[in-house]
Amino acid sequence: MSSRSLRHRIAIVFVGLLVLVMGLVLALVHHSSERIVERETRRELAVGAKVFQRLLEQNQRQLETAAAVLSADFAFREAIATQDQPTVRSVIRNHGQRIHAQVMMVAGTDGRLIATTQRASAAGDPFPFPDLIAAAEASGRSAGLRQMRNGQLSGQLYQVVLVPIQAPTRIAWVAMGFHVDDRWAADMAGITGLGVQIVRTGTPGVLASSGAPVGTRDASVAVPLDGGLQAVLRLPVAQVRAPFEQLQGRLLGVIVAAIAVFAAGSVMLAGRIVRPLHQLSAAARRIAQGDYAQPLPPAPRDEIGQLAGSFEQMRTEIACREERIARLAYVDALTDLPNRTRFLEAFGRLSPGAGGAVLVVNVDRFALINNALGHVVGDRLLRAVAGQLQPLVPAGGMLARLWGDQFAFLLEGAGPEAARGFADTVLAALRDPVTLDGQRLDIEASVGIALYPDDGLDAATLLRRAELALAAAKRRHAGIAFAQEAGGESAHEQLSLIGDMRRALAAGEFTLAYQPKLALGSGRIVAVEALLRWQHPERGSIAPARFIPFAEQTGFIREITPWVLESAVRQAAVWHAAGLDIAVSANLSTLDLLDPHLGRRVRGLLERHAVPARRLCLEITESALMDDPALAQAHLDELAGLGIKLSIDDYGVGQASLAYLKSLPVDELKLDRSFITAITESPRNAAIVESTIMLSHALGLTVVAEGVETPAELRWLREHGCDIAQGYGIGRPMTAAQLQDWLAGFARHTVV
């Protein structure tokens, strides 16, 4: 049954392919024929239109020549001059008969007929083609297709030429013309090979026609004529298509006969192919089920026999091939350990309830060893490391080589303590030196740990988190780090945060908070620091430490700082107008300090808001000064020249020294909060702050202490000569409106 079905399918496929090919050929022939018919139709129409125009021109020249000969005849001119109408009528009648002209007229210069061959007209009647006289007066002669406008023949169409009669001045006009009627159209059609109709443009009705009206299946072309007329030339498409349809009919007969012969041959060939294949199909099913022991039956020595030989070869080699494929797919060729693919599949055994851990192990300084001793030694070292790690794999666990010098352990059911203990065992095992070719190599490793399901629910996420922890362990030289200890936002979250900053600036999500600065000598609030805040619509309040570094890395800080300066100076102008003697401090980043337009921008802000320069203080970090000291010096000199106060922020955590700062035009030095915290309890901090205050005063600098939080710290700073204090112990950052209320209350109390 199946053999007959296959035989039928083979025959159907062969015949179907032939039918498809023949159908394509027939379609191509038909398509080509249609294109040829279309092209030939256009060509015949174009040729017929040219012939038609040439015939019109030939008729016009014939009329013009005859009229010119007549107008030059002396006796004719004398008869016109003497008003000998019988002679004039005789001459034009005889002359018209010679050229078969149906219209012969002589008109005076007054537009009245002198003589005519038309019985419907008489001498003294108006000339029926007055527009031709007007055209002839302008150009000397005129010609065209015109309808008779008066008399019994009004409406009949003629091809007319009008020539002046000179003696020597113009004494009359002679008009000659052919009657444009159905007979004229038939004559034109006989010469051009196209049907001819003369119609008036935009008006229904045919003035002259060679036959039936234009059919819907006829091709036509319109030839514009003068006098608002056009000739419609038509060509029956069936007339052009007839030879091609005859050819296609014969081709179709040949195709049908070929298909019948081919179908018979296909059925016979399919039968010869299917019979031996039936015997091979049973053997193929056995091989597909994994039975490679039974040999294949003998087959004829033809292509079917070759197929049987291929099956026999497959039977003997497929087992070895499957084994090699499995090894290549799941085993690392260098270390014989499971590879990353096998590791990811094994992860599927874990269940969230049981938990587990993924440990990524990386050999420290492997790249140095590989580059110094060569890749051959590096490969041997990796095999040795694999040999040291292999015995450590616990029951139910797995060790895999991910890539390069990076290995991974999968520990089923392991919690944080078990994972750390196992990581310590791994590091201890890798501390044993490896000897290769008599050379001792001391190696160490770092381990990153990700816990399942706490750090991720899939293997890819856990490996990525473990690799982040590994990077943290290397960076801290800690040996071991957990994913939860790696900290920081993911790269995706960072990119999202960076992308939100530009939108936040346009949407007004950035605001300024102002933290008061207390003069310890007078007990007055003399300044405030403008601090940037971001209220994200989805993430809530975002700390500056999370987005300012990214803004500096991407250069977006150059767009944020102008907004901060504009807002701070505008607020300083409001306070100045209200009579509050408060300076406003704002921070500048490294990119801001290196901006060549910084000085011009700040000067413009002060002038636009009418704020005295002493009311603005710009704070610069030590690192910003050290990136390009010469350029920083030049820009600070420019700002100082405007009268703006300059302050060194976070002093003590950077690279600058007081010896370097003495050459800068700065007014203020801010001690970092790390030195102020617990200053009353740390003799070291107290000594550093006290010596810095003394040296700063010697250089003429005002000292500001950041991060003051307790009354004891405030008292210590006042007693040791610190000028200004800032911190939560004095006042938290607040809005401008809150600050004004806070200042009113602060003035009524004494600072402790």
Side-chain angles (χ1 to χ4, degrees), residues 322-323 325-364 366 381-432 443-474 476 478-488 490:
E322 285 185 349
E323 182 180 354
I325 291 174
R327 181 175 181 81
L328 290 173
Y330 295 107
V331 178
D332 177 61
L334 179 64
T335 62
D336 286 336
L337 293 176
N339 60 12
R340 188 185 188 95
T341 302
R342 184 70 186 90
F343 185 87
L344 295 176
E345 287 190 1
F347 179 84
R349 299 198 307 263
L350 298 183
S351 62
V358 172
L359 284 72
V360 176
V361 183
N362 183 259
V363 180
D364 295 340
F366 174 76
L381 175 60
L382 291 177
R383 284 194 290 268
V385 169
Q388 291 175 319
L389 297 178
Q390 185 81 45
L392 304 179
V393 181
M398 174 179 282
L399 168 65
R401 181 189 176 211
L402 300 181
W403 59 274
D405 59 337
Q406 194 159 292
F407 299 84
F409 283 96
L410 177 63
L411 306 181
E412 186 173 357
E417 294 301 325
R420 178 175 286 278
F422 185 81
D424 288 333
T425 303
V426 170
L427 295 182
L430 293 180
R431 290 192 187 99
D432 295 336
I443 60 172
E444 293 184 356
S446 299
V447 180
I449 304 173
L451 300 176
Y452 174 73
D454 297 341
D455 295 322
L457 298 177
D458 58 272
T461 301
L462 287 172
L463 283 175
R464 179 171 55 82
R465 297 296 304 276
E467 288 171 349
L468 291 174
L470 175 65
K474 284 183 172 290
R476 301 169 186 170
I480 300 172
F482 282 85
Q484 296 177 350
E485 301 171 356
S490 68

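Heavy-atom basis, side chains included; hydrogens, waters and symmetry copies ignored. Note that the numbering runs from 1 along the sequence shown for the chain.
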What heavy-atom pair brings [X] and [Y] nearest, and what distance separates the two atoms?
X      : Y      : answer
Ala357 : Leu451 : CB-CD2, 3.9 Å
Val447 : Ala423 : CG1-CB, 4.0 Å
Asp432 : Gln388 : O-NE2, 3.5 Å
Ala473 : Ser446 : CB-CB, 4.4 Å
Ala469 : Ile449 : CB-N, 3.9 Å
Arg465 : Ala483 : NH2-O, 3.5 Å

According to the ring pair (Phe, Tyr, Trp, His ring centres under 6.0 Å) rule, which pairs have a member within residues 381-421, sequence neighbours left out? Phe409-Phe422
Can you check side chain to side chain contact (heavy atoms under 4.5 Å, CB included) on Val331 and Asn339, steps first, answer last? CA-CA 5 Å; Val331 178; Asn339 60 12; 5.9 Å; no
Would you check if [X] and [Y] make a side-chain contact, meaning some heavy-atom pair closer than 4.5 Å?
X      : Y      : value
Leu334 : Arg383 : yes
Leu462 : Phe347 : yes
Leu430 : Val361 : yes
Leu410 : Val358 : yes

From [X] atom [atom1] to [Y] atom [atom2], the distance as rounded to the nearest 0.5 Å:
X      : Y      : atom1 : atom2 : result
Gln406 : Leu382 : CD    : CG    : 11.5 Å
Tyr452 : Leu457 : OH    : CG    : 6.0 Å
Leu359 : Phe482 : CG    : CZ    : 8.0 Å
Asp364 : Lys474 : CG    : NZ    : 3.5 Å
Thr425 : Leu427 : OG1   : CG    : 9.0 Å

Sequence neighbours excluded, every pair satisfying salt bridge (Lys or Arg N to Asp or Glu O under 4.0 Å) that has a member inside residues 332-347: Arg327-Asp336, Asp332-Arg401
For Asp424 and Ile480, what are the C-alpha separation, side-chain angles and deciding distance, and is it a side chain to side chain contact (heavy atoms under 4.5 Å, CB included)? CA-CA 8 Å; Asp424 288 333; Ile480 300 172; 3.0 Å; yes
Candidate pair Thr461 and Asp455, rule side chain to side chain contact (heavy atoms under 4.5 Å, CB included), full reasoning: CA-CA 8 Å; Thr461 301; Asp455 295 322; over 6 Å; no
Residues Leu463, Leu344; criterion side chain to side chain contact (heavy atoms under 4.5 Å, CB included); working and verdict: CA-CA 10 Å; Leu463 283 175; Leu344 295 176; 3.9 Å; yes
